[in-house]
Amino acid sequence: MSTPQLDKIYDPKAVEARWSQIWNQQGYFHASPTHSGQPYCIVIPPPNITGSLHVGHALNHSIQDILIRWRRMQGLNVLWLPGTDHAGIATQNVVEKQLMAEGLSRESLGRERFIERVWQWKAASGDTIIRQQKRLGESCDWDRLRFTMDEGLSKAVLEVFVRLHEEELIYRGERLINWCPRCLTALSDIEVEHEEIKGKLCSIEYPLEQDPAIRLTVATTRPETLFGDSAVAVHPEDPRYNRLIGQRVRLPLTHRTIPIVGDAILVDREFGTGAVKITPAHDFNDFEAGERHGLPRYSIFDHQALLDPERLKAAGVEQALIDAVATLPVTKARPKIEQVLKDRGLLTKVDDHKMSIGKCYRCKTVVEPYLSPQWFVKIKPLAEPAIQAVEDGRIRIIPDGWTNNYLGWMRDIKDWCISRQIWWGHQIPAWYCRHCNTESLVETEHRIPGVTYGPGHTPKRLVILSTAKPIVAKQAPASCPLCNGTELIRDPDVLDTWFSSALWPFSTLGWPNHTPELKTYYPTSTLVTGLDILFFWVARMIMMGLKFMGDVPFRDVYIHALVRDAEGQKMSKSKGNVIDPLHVMEQFGTDALRFTLASMASPGRDIKLAEERIEGYRNFANKIWNAARFSLMNLDGPRAVTIPSERTFPDRWILSRLNQTIRSVTSELEAYRFDRAANTLYQFIWHEYCDWYLELIKPTLQDPASQDGPGTRQTLVETLETTMRLLHPFMPYLTEEIWHTLPHQGESIVIQTYPKPESSWVAPEMDHRFALLEQTIGLVRTSRVLLNYPPAQQIMFYVAHDEPQQQDHLHELRSHLSHLGRGTVDLAPPTHWPTGNLLRLVAEGLSVGIKVAGDVDLNKALDRITKEQSEQTKEIQRLEGKLRNQEFIAKAPPEVISDHQDRLKSLRRDQSMLLSSAQQVQAMLGA
RNA sequence: AGGCGGAUAGCUCAGUUGGGAGAGCGCUGCCCUUACAAGGCAGGGGUCACAGGUUCGAUCCCUGUUCCGCCUACCA
């Protein structure tokens, strides 16, 4: 029989490339509704096509792959559906940047050619992350790769939009929305990131119209918006001001006067001066206050957040000031305005003030509240069932702690702004009849400085006022249903990318068609995601799934941690502290990275990732590799299958431990405790299988005449093969490689069955026996170190136990004791041991004595014994104290009391033996 | 401001019916013992953040405090 030889060190690179290719070629990951087994489906959180694999993906995907490989091996009908999303704003930004480098712009290309250009970009660069995912060994059904802009998924988007519109759950209206002046588009509330900054609070005086000598002082952080003020609010119960309500003030720097209104909602009497300017077109709270008081809205910025001279004029601003600030951005206009106010004696105070500003989550530009017509989803009716689904447990959020977070957000949810003023994405299926909307369709010439426009592309900007009446349909209507006019303009806006992502769990399975896939795999089983997209994505999938499928999109939502750097800082390119998973995979191997991430995925705690950790698990992979290598070197010879109870002590013990390991790994996976599953495997493989089992069986394997040989070889193969299957979801490459070198049936470990607990392996008595062995060998080894005996030196040692049964076990363990203790063992009772030249250590009734030979320093040994004595004395006193306590005796459970008594007895016994050990050593030292 | 989470060995973290405090890495000493030096063996190291309370007994349950992190909202 020829045995394959393995290299001394595991080389992941060669192994990974090979298996990755074979797995995909063989179609192991291909799912089909016709396959047998209960369906188990995960849809991947679609990464962005502009992205490349970062360590957060690596964690997210490793966890999914562990679940998927585990369930596949369990015989379920598994589908892991991969894909990417089109990331409207991000992708458009990337392509625009490219165009800029070529001296072009999207405006110069025009919409159609620009979109073509994005598709080209996608074809060339959009699957970077997919290739990287394959390297991570992800067992997705790659044949089913989906993209949010695919034909099928786009069809789903149309269907959903039209149906929601029919049910009046989608509407168009003019609202104050968050606007990114760089991306030139609306954003939803949650696409704005808030950041604390040090700002200034300006006190500005507004003279009363009737008596300009009296001035009302307002406090503001944004003095430039004063041009858009339409009132000043005070608290109706504030005695300082309430008599002024109904009067008017002169709005500085303008020709306007504005009313003083009483508003208990807006005004906090304690804050600032107690008087607030109301600027309905530029602040969300002011917008609502404006509604309450029927105030006009003066919008003073254009869409790039530059002060717009036309609008300033309409707001009655003094011409000199218009000239001074026109077309300036806020940052430049503000100081100028402050200066003018100061010159006129109206700016009386500037205080430092902590405040937060909103930034675009894609480009970090400061967003502006901007008044514009937009499309919205009326969200409350959709949120209701989505709240219930979580409340009544149809959807489980794991860890449970995030449930309240979800519920709180859902109960307070705001309408969702879904229109984006960009080109890349699903264009809104709404058309406007020119004839019927002549007043509402306003086209203005709009040249962007520095842009050369191609022939036929007039730089026009179409504004569709909120009064325009849209025709919403899946296809472009041939004519206007009202006037039969044929001049129809399509709404230029596209939908928020998350709108299409919200449909992901069913649009990817073929909806709106009734496909077998949809029938088999919906609802999906588990969603694995990070907390950052709980609201963006998870909540919206739940709403849409319930609405359009009538059922939840998934049963379990597993929320994993954020990966940070070793110092706990968020990783970011600008900080330069990113750990590149591809580099790590190159350096330490994919399996090491995967195992590291799994082992650190403790719930509710962020992962602080350091390279040393990955290195540690690289070493683990190498350890496993060498265990396999050892096995192969020792497998020559016949193997015999016998029932477990007839096998040797080491075999029965390792089977018992393996059984327990299978149990706990399985139950930890069921509980989504990847960390504990990984640590259980680590502990078993390294510290039981390698450290003890392989050592215990060496004499048998290396003795060709041993009677135990055939059985031991059998157990060795059996346990190693089983362990490889158990570990496979975590370390797919290494286990596949090793599995193939072992005697096996089948063509790949990927499609083998996952180990199940085996009752015939259970042997608690072997576990106890092992504990005795381990303790004995531990004392022998400690003694050797104390006496400076090198490991190779054969020694003479004595072992005895107080309890007859344990003493019997020691006899049964004799050969293992002498092998692992490296010497000759004498099992005579301590009364027969030599009294001189012996070092004796004691633990729980067990005594180990080692002959002291040659010139050794016994002081170390004496220190050790003395220390042990004092620790034991302390523990004895503690236990005695407890047992003397009448209340303890009266109230503690009997088993606790007897346990305490047993321990005390054992300690007292040990103590007296230790005392004689100490005396003997002292005698030797004295001699 | 509100909500949530965390504080355990030098570092990173486990630790549920409350009863002797653990792992990995790092550190110290010895050893290239025929699978593995990416290794083996042994060892040191912790008033479990602080203060109260409940209990015979608290790292664990309750209350409060401090510090750190995150989320949500507001901040004229």
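Here the structure is a predicted model, which means the values were calculated and not measured. A note on names: the letters A, B, ... follow the listed sequences, proteins ahead of strands, and every chain is numbered from 1.
Using cut-offs of 30° and 60° on the angle between ring planes, the pair A:Tyr617 and A:Phe620 is perpendicular. Ring orientation note: the planes of A:Tyr693 and A:Tyr689 are tilted relative to one another, at an angle of 30° to 60°.
When the P atom is compared between B:G46 and B:C11, the two are found 13 Å apart, to the nearest whole Å. B:A58 and B:C36 are spaced 44 Å apart, taking the C1' atom of each and rounding to whole Å. Taking atom P on both B:G5 and B:G64, the two are 14 Å apart, rounded to the nearest angstrom. Atom C1' of B:C56 sits at a distance of 41 Å from the matching atom of B:C70, rounded to the whole Å. Look at the C1' atom in both B:A9 and B:A49: the space between them is 15 Å, to the nearest Å. Between B:A14 and B:A42, the two P atoms lie 27 Å apart (nearest whole Å). Nucleotides B:C71 and B:C62 have their P atoms positioned 26 Å apart, rounded to a whole Å. B:C60 and B:C48: their C1' atoms are spaced 10 Å apart (whole Å).
Although no hydrogens or angles enter the test, the distance criterion places no donor-acceptor pair under 3.5 Å between the side chain of A:Asp229 and the main chain of A:Ala231. Here the side chain of A:Asp606 pairs no donor or acceptor atom with the backbone of A:Ala561 at under 3.5 angstrom. Side chain of A:Asn626 to main chain of A:Arg629: no donor-acceptor pair is present (N/O by atom type, distance under 3.5 Å, no hydrogens or angles). In terms of modelled atom types and a separation under 3.5 Å, the side chain of A:His900 and the main chain of A:Val896 share a donor-acceptor contact. At distances below 3.5 Å, not a single donor-acceptor pair connects side-chain atoms of A:Arg594 with backbone N or O atoms of A:Leu59.
A:Asn679 comes within contact range of no nucleotide atom at all, as no heavy-atom separation falls under 4.0 Å. Contact annotation for A:Asp899: no contact, since no heavy-atom pair falls under 4.0 Å across all strands. Using a 4.0 Å heavy-atom criterion, one finds that A:Tyr617 contacts no nucleic acid atom at all.
At whole-Å resolution of the value, CD in A:Gln877 and P in B:G20 are 17 Å apart. With rounding to whole Å, A:Asp400 atom CG is found 16 Å from B:U16 atom P. Residue A:Leu534 contributes atom CG, which lies 17 Å from atom P of B:C70 at whole-angstrom precision. Between the C1' atom of B:G19 and the CG atom of A:Leu883 lies a distance of 11 Å, rounded to the nearest Å. Straight-line distance from the CG atom of A:Leu681 to the P atom of B:G24: 15 Å, rounded to whole Å. One can place CZ of A:Arg564 at 10 Å from P of B:C13, the figure rounded to the nearest angstrom. In this structure, the NZ atom of A:Lys608 is 10 Å from the P atom of B:C11, given to the nearest Å. Separating the CD atom of A:Glu288 from the C1' atom of B:A73 is a distance of 13 Å, rounded to the nearest angstrom.
Here B:G19 is the nucleotide among B:A73, B:C13, B:G19 with the atom lying nearest to any side-chain atom of A:Val896.
Mapping A:Lys860 and A:Gln683 onto RNA chain B by nearest heavy atom places A:Gln683 at the nucleotide closer to the 5' end. For the pair A:Arg269 and A:Ile889, nearest-nucleotide mapping onto RNA chain B gives the more 5' position to A:Ile889.
By the 6.0 Å and 45° rule, A:Arg781 stacks over the aromatic ring of A:Trp692. Cation-pi geometry between A:Lys698 and A:Phe630 is satisfied (NZ or CZ under 6.0 Å from the ring centre, within 45° of the ring normal).
Contact annotation: A:Arg878 side-chain N/O to B:G20 OP1/OP2 distance is under 4.0 Å. Using a 4.0 Å cut-off, no side-chain N or O of A:Arg411 falls inside it from OP1 or OP2 of B:A73. Residue A:Arg613 places no side-chain N or O under 4.0 Å from the OP1 or OP2 atom of B:G26. Residue A:Lys414 places none of its side-chain N or O atoms closer than 4.0 Å to OP1 or OP2 of B:A73.
Residues A:Ser599 and A:Asn679 bring no donor and acceptor atom of their side chains to less than 3.5 Å of each other.
For the atom pair CD (A:Glu338) and CD (A:Glu224), the distance works out to 8.5 Å, reported to the nearest 0.5 Å.
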In B/S/- notation (B base, S sugar-phosphate only, - none; protein heavy atoms under 4.0 Å), nucleotides 2-8 of chain B written 5' to 3' is ---SSS-
What string of B, S and - do you get for nucleotides 33-42 of chain B, 5' to 3', if B is base contact, S is sugar-phosphate-only contact and - is no contact with any protein heavy atom under 4.0 Å?
-> B-BBSBSSSS
